[in-house]
Amino acid sequence: NKKDEAISHLGADAFLVSREPDQMQAAKGTLDGIIDTVSAVHPLGPLLALVKPHGKLILVGAPAQPLELPIFPLIGGRKTVAGSNIGGLKETQEMMDFAAKHDIKSDIEVIPMDYVNTAMERLLKADVRYRFVIDIANTLKST
């Protein structure tokens with residue numbers, strides 16, 4: 001249900017639903033890289049299958065349990081799996097410069113501090129698109 005938004009609003013060139021076997025099969029070996037943001041336990045094999053030889057799978061989510069890493073697709077395809085938490089000031093500035101140069105913006109929902117409990121309830125129901133940002137500056141201003 002995010003396809004139209006991804007293409008028209010976010011500027012995606014294509015859209016792939018990972019739960020659709022036909023789409024996954026058609027996309028095998030076509031991606032240069034994947035940034036995996038999933039913070040739940042999930043299989044890496046299907047993602048590795050999407051990556052071209054010499055491609056990269058970058059993990060930035062942090063599941064509570066270890067993930068299984070299938071070795072043969074990794075070795076056979078000369079693929080790289082790497083992880084990243086957050087860069088330092090230099091990397092953050094490079095990312096901000098890249099985003100500005102390419103007019104990349106994030107979709108957020110700005111909320112006041114007193115909405116945090118409701119926001120947490122919405123997170124549990126998967127009722128947020130894409131990130132909440134707490135407006136601390138305006139929350140702390142005296143009225």
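- For the atom pair NZ of K101 and CG of D97, the computed distance is 10.0 Å after rounding to the nearest 0.5 Å.
- Of all heavy-atom pairs between P63 and A40, the closest is CG-O, 3.6 Å.
- Heavy atoms from other residues, nucleotides or ligands lying under 6.0 Å from CG of L10 number more than 12.
- The minimum heavy-atom distance between P70 and G45, with the atom names listed, is CG-CA, 3.7 Å.
- When hydrophobic side chains of Ile, Leu, Val, Met, Phe, Trp and Tyr are connected at separations under 4.5 Å, M96 ends up clustered with M95.
- By the 4.5 Å heavy-atom criterion applied to side chains, L123 and F132 are counted as neighbours.
- Counting heavy-atom neighbours within 6.0 Å of L89 CG, excluding the residue itself, gives a total of 12 or less.
- Apart from V17 itself, the hydrophobic cluster it occupies contains I7, F15, where clustering links Ile, Leu, Val, Met, Phe, Trp and Tyr at side-chain heavy-atom distances under 4.5 Å.
- With sequence neighbours excluded, the residues forming a salt bridge (Lys or Arg N to Asp or Glu O under 4.0 Å) with E94 are K90, listed by chain and number.
- Sorted by first and then second residue, the salt bridge (Lys or Arg N to Asp or Glu O under 4.0 Å) pairs with a member in residues 62-73 form an empty list; sequence neighbours excluded.
- Sorted by first and then second residue, the pairs that involve residues 3-24 and meet salt bridge (Lys or Arg N to Asp or Glu O under 4.0 Å), not counting sequence neighbours, are E5-R129.
- Listed by chain and residue number, R122, K125 satisfy the side chain to side chain contact (heavy atoms under 4.5 Å, CB included) test with D127 (two or more places apart in sequence, or in another chain).
- Contact between A62 and S39 at its shortest, heavy atoms only, is N-OG, 3.4 Å.
- Every residue two or more places apart in sequence or in another chain was checked for a side chain to side chain contact (heavy atoms under 4.5 Å, CB included) with F72, and none qualifies.
- Interatomic distance, T118 OG1 to E121 CD, rounded to the nearest 0.5 Å: 5.5 Å.
- The pair D107-K105 does not meet the salt-bridge criterion, since no charged nitrogen lies less than 4.0 angstrom from a carboxylate oxygen.
- F98 shares a hydrophobic cluster with I104; the chain of contacts runs through ILVMFWY side chains whose heavy atoms sit under 4.5 Å apart.
- Residue pairs meeting the salt bridge (Lys or Arg N to Asp or Glu O under 4.0 Å) criterion with at least one member in residues 32-54, sequence neighbours excluded, are D32-K52.
- If you run side-chain contact (heavy atoms from CB on, under 4.5 Å) between I111 and each of V128, D135, I134, only I134 comes through.
- A search for side chain to side chain contact (heavy atoms under 4.5 Å, CB included) contacts involving I108 returns S106, V110, R131, V133, not counting sequence neighbours.
- Residues that satisfy the side chain to side chain contact (heavy atoms under 4.5 Å, CB included) test with S8, not counting sequence neighbours, are absent from this structure.
- L67 belongs to a hydrophobic cluster with L16, M24, L31, I34, V41, L44, L47, L48, L50, V51, L57, L59, L69, I71, L74, I75, V81, counting contacts under 4.5 Å between side-chain heavy atoms of Ile, Leu, Val, Met, Phe, Trp and Tyr, direct or through other members.
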